Protein chains: 2
Amino acid sequence: MSGAQSMGMELPLDQILRGECVETMRGLPSGSVDCIFADPPYNLQLRGELRRPDDSLVDGVDDDWDKFTDLQAYDKFTRDWLTEAHRVLHKDGTMWVIGSYHNIFRIGAILQDLGFWILNDIVWRKSNPMPNFRGRRFTNAHETMIWVAKSETSRYRFNYQAMKALNDDVQMRSDWYLPLCTGNERLRNEHGLKLHPTQKPESLLHRVILASTAVGDVVLDPFTGTGTTPAMARRLRRRFIGIERHPDYVAAARDRVEREVPLAEDAVQATPDKRETPRVPFGSLVEQGLIGAGVALCDKKQRVQATVAPDGTLVSGTKRGSIHKMGAMLTNAPSCNGWTFWHFERNGELLPLDVLRQESLALAQQTMEMALQTAVG
Amino acid sequence: MSGAQSMGMELPLDQILRGECVETMRGLPSGSVDCIFADPPYNLQLRGELRRPDDSLVDGVDDDWDKFTDLQAYDKFTRDWLTEAHRVLHKDGTMWVIGSYHNIFRIGAILQDLGFWILNDIVWRKSNPMPNFRGRRFTNAHETMIWVAKSETSRYRFNYQAMKALNDDVQMRSDWYLPLCTGNERLRNEHGLKLHPTQKPESLLHRVILASTAVGDVVLDPFTGTGTTPAMARRLRRRFIGIERHPDYVAAARDRVEREVPLAEDAVQATPDKRETPRVPFGSLVEQGLIGAGVALCDKKQRVQATVAPDGTLVSGTKRGSIHKMGAMLTNAPSCNGWTFWHFERNGELLPLDVLRQESLALAQQTMEMALQTAVG
DNA sequence: GAAAGTCTTGAATCTTGGG
DNA sequence: GCCCAAGATTCAAGACTTT
């Protein structure tokens, strides 16, 4: 699954690389990173020239395109780094790009043009935004992140259950309410001034990484700044590659990452999705004697019934099939999850088959641990 | 100020015109409307059918008007109608365009290309969005509106005080929390089925018109549908021009507008919304670092214990769940308020989690007030 | 008649692994 | 690559029905 693992090549893991974004990405192998988080510059207010948030001038006036307006220069800059990001991303990888109304629409359009497949646009609602000083517009209280897969067919990672758990057991929505980066979290220089103008809050990256990566995955940040992405990757036991051109930021980010203590291994385990737990064929439960052949099953409301056959199929009248097929057939549904549909009786209570699956998995876990102890002892 | 007044020409005021969007706009004089609200097709590109977990079928948008061959075709369509809209708009006028991630980035980029000047992007947060049934993405819980002036130099209208009053006397933010159009407000045909697949809520247009127009201003809607914009314009004593090509929708919109009673002249003022109370998921406290992953919790009498996971669940042995579920499970109670049940240690004292929730809310309140003071001072 | 329970529905790019 | 079967998956409102 992990891009780094599948490559078998040298990746500069857990490092902040100093250099230009596009040029440095060119040194990385194709399909080598599992996830990218990018916070590109969007200083578009200046007329005739394009500057990064650190006030450095983007070299946008080339012979070829000095006739372009600055919007077009920004588009070229965007297309260049996104093209390289697309190449470096694993075929099942995803990318997050954050921006404001100044640049996010251009980024979104170019993402689509390059074949990225949009999964969500996420709104970061700021709990403490800067008010609109002159009262001429609505308070600009949010920024937008676009979450894309490398292609429409990518089998991307989304830790659905972890996100649901994080939100009091209801689906996580596309609007996230999080505070700005302030207080002690904000890196400052010796004069007490903020080191970076757009340092992102750790809570934002915490959620991004927890949602879309697994422990050990490689996370790339091509505009690392003061290293929020690497720091959170390290905390959550992911690998990281940071790219940053400004030496002051590189130094600050390296410092910061070194100070970051990874969480204990058992503390980074978020709620796993059911899709990740090993499959248990229903027939194996019969073999193990967790449920006997001949036992009668029914749905929760006891409207339909069936009997367990020794090969793990269900029989009802002349009909026979898997727990899923039979559930679908008897309810005229297009499909059915037999594990939650069918129930059996235990101590006068109706329990879903899923209970047996859990018990089977727990049993397997137990014997595995016992085997390990025996081996050690 | 008003485009209509300054023209001294005949405008088809307070009418729903039947016709194609671009062609019909061509019949309107340049610079003749004060405000445009546009809800163009989203280019959803839906594939097969989608079913809810209970196997019921979702009634998706499959209308012909939302079918485009590719992104280029959609871009051309967009550029065409936006060009005409730009011509028709008064030099000091503003326009609102609503969309989702499928189309809004292309629209935003083209708006900038055509010289429109972005004032805000506004997020309509839906109080009751459709969930993501397959658990493969975040709930798509919002749509985006881009608010633009005709040009950078437009002296546009923004009713700042009205918006502030509407929001309990604090600046209106760029994220609006409003319900979908349902119930009696939703227009239905003789079979009780929704007349239009994407009817917008009146509350949304109410706020848009109140924010950006004066009494008597001319509001144009080039994709009128069932006439929400004309109806709200009439209610708020603005003039309107609607354009719609489907005769059924034209008939419904005309009917609707006729039934709409304009507010009394002295009543065309802000009506306050109900205030939302912020809910704090336990997971967000972990993200914000108010409590760390790996921290040990216990009940007041220290009979049961559990550890905090990075997604805000608690773990105890092989058991895992929300703070509420785990409290209930470990005490064999039917339910449990995790906020008051679980305690953590601070300075040798056992404090309930609720303390952290209070601190989180107070923190958000504080930073908000500081920001406002800065703005005023 | 009130309260509690059931049903319906909304701009949706909505699965995955093995043969 | 395709095909097929296993199997994972929903929240808030409002209308409607039953107790």
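Reckoned from all heavy atoms, side chains included, excluding hydrogens, waters and symmetry mates. A note on names: the letters A, B, ... follow the listed sequences, proteins ahead of strands, and every chain is numbered from 1. Bear in mind that the values here come from a model prediction, so they are computed numbers and not experimental data.
Tested against Y156(A), the residues W96(A), F116(A), W147(A) include a single ring-ring contact (aromatic ring centres under 6.0 Å, His included) partner, W147(A).
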Let me check I have this right: for DNA chain D, each base becomes ., (, ), [, ] or |, based on Watson-Crick or G-U pairs with both distances under 3.5 Å. What is the full string? .|||||....|||||||||

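For the pair Q288(A) (side chain) and L290(A) (backbone), a donor-acceptor distance under 3.5 Å is absent.
Partners of D66(B) by salt bridge (Lys or Arg N to Asp or Glu O under 4.0 Å), not counting sequence neighbours: none found. Residues satisfying the side chain to side chain contact (heavy atoms under 4.5 Å, CB included) test with S322(A), not counting sequence neighbours, are H324(A), K325(A). Partners of K67(B) by salt bridge (Lys or Arg N to Asp or Glu O under 4.0 Å), not counting sequence neighbours: none found. For T307(A), there are no side chain to side chain contact (heavy atoms under 4.5 Å, CB included) partners two or more places apart in sequence or in a different chain. Partners of K150(A) under the salt bridge (Lys or Arg N to Asp or Glu O under 4.0 Å) rule, at least two apart in sequence or in another chain, do not exist in this structure.
Contact footprint of chain B on DNA chain C: nucleotides with an atom under 4.0 Å from a non-hydrogen protein atom, first to last in 5' to 3' order, dT9(C) to dT16(C).
At a threshold of 4.0 angstrom between heavy atoms, the contacts of D39(B) include nucleobase atoms, whether or not backbone atoms are also involved. Residue contacts for P201(B): at a heavy-atom cut-off of 4.0 Å it reaches no nucleic acid atom on any strand shown. Residue contacts shown for W124(B) are absent, as no nucleic acid heavy atom lies under 4.0 Å away. Residue-level contact check: G48(B) touches the bases, meaning some heavy atom is under 4.0 Å from a base atom.
Note on residues 115-124 of chain A: pairs passing side-chain hydrogen bond (donor to acceptor under 3.5 Å, both in side chains), not counting sequence neighbours, are D121(A)-H142(B). For residues 178-197 of chain B, the side-chain hydrogen bond (donor to acceptor under 3.5 Å, both in side chains) pairs, not counting sequence neighbours, are H196(B)-T198(B).
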Scoring nucleotides 8-13 of chain D by protein non-hydrogen atoms under 4.0 Å (B base, S sugar-phosphate only, - none) yields BBBBSS

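The aromatic rings of Y74(B) and F68(B) sit perpendicular to each other, their planes meeting at more than 60°, with 30° as the lower class boundary.
Applying a 4.0 Å cut-off to non-hydrogen atoms, the residues of residues 113-123 of chain A that approach DNA chain C are W117(A), I118(A), listed by residue number.
Under 4.0 angstrom from either OP1 or OP2 of dG7(D) there lies at least one side-chain N or O belonging to H324(A).
Between the P atom of dG14(D) and the CZ atom of R188(B) lies a distance of 12 Å, rounded to the nearest Å.
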Atom pairs and distances, donor-acceptor, side-chain atoms in residues 327-337 of chain A, under 3.5 Å, two or more places apart:
{"from": "T331(A)", "atom 1": "OG1", "to": "G327(A)", "atom 2": "O", "distance (Å)": "2.7"}
{"from": "T331(A)", "atom 1": "OG1", "to": "A328(A)", "atom 2": "O", "distance (Å)": "3.4"}
{"from": "N337(A)", "atom 1": "OD1", "to": "W339(A)", "atom 2": "N", "distance (Å)": "2.9"}

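Nucleotide dT13(C) carries a syn base; the chi torsion (O4'-C1'-N9-C4 or O4'-C1'-N1-C2) is within 90° of 0.
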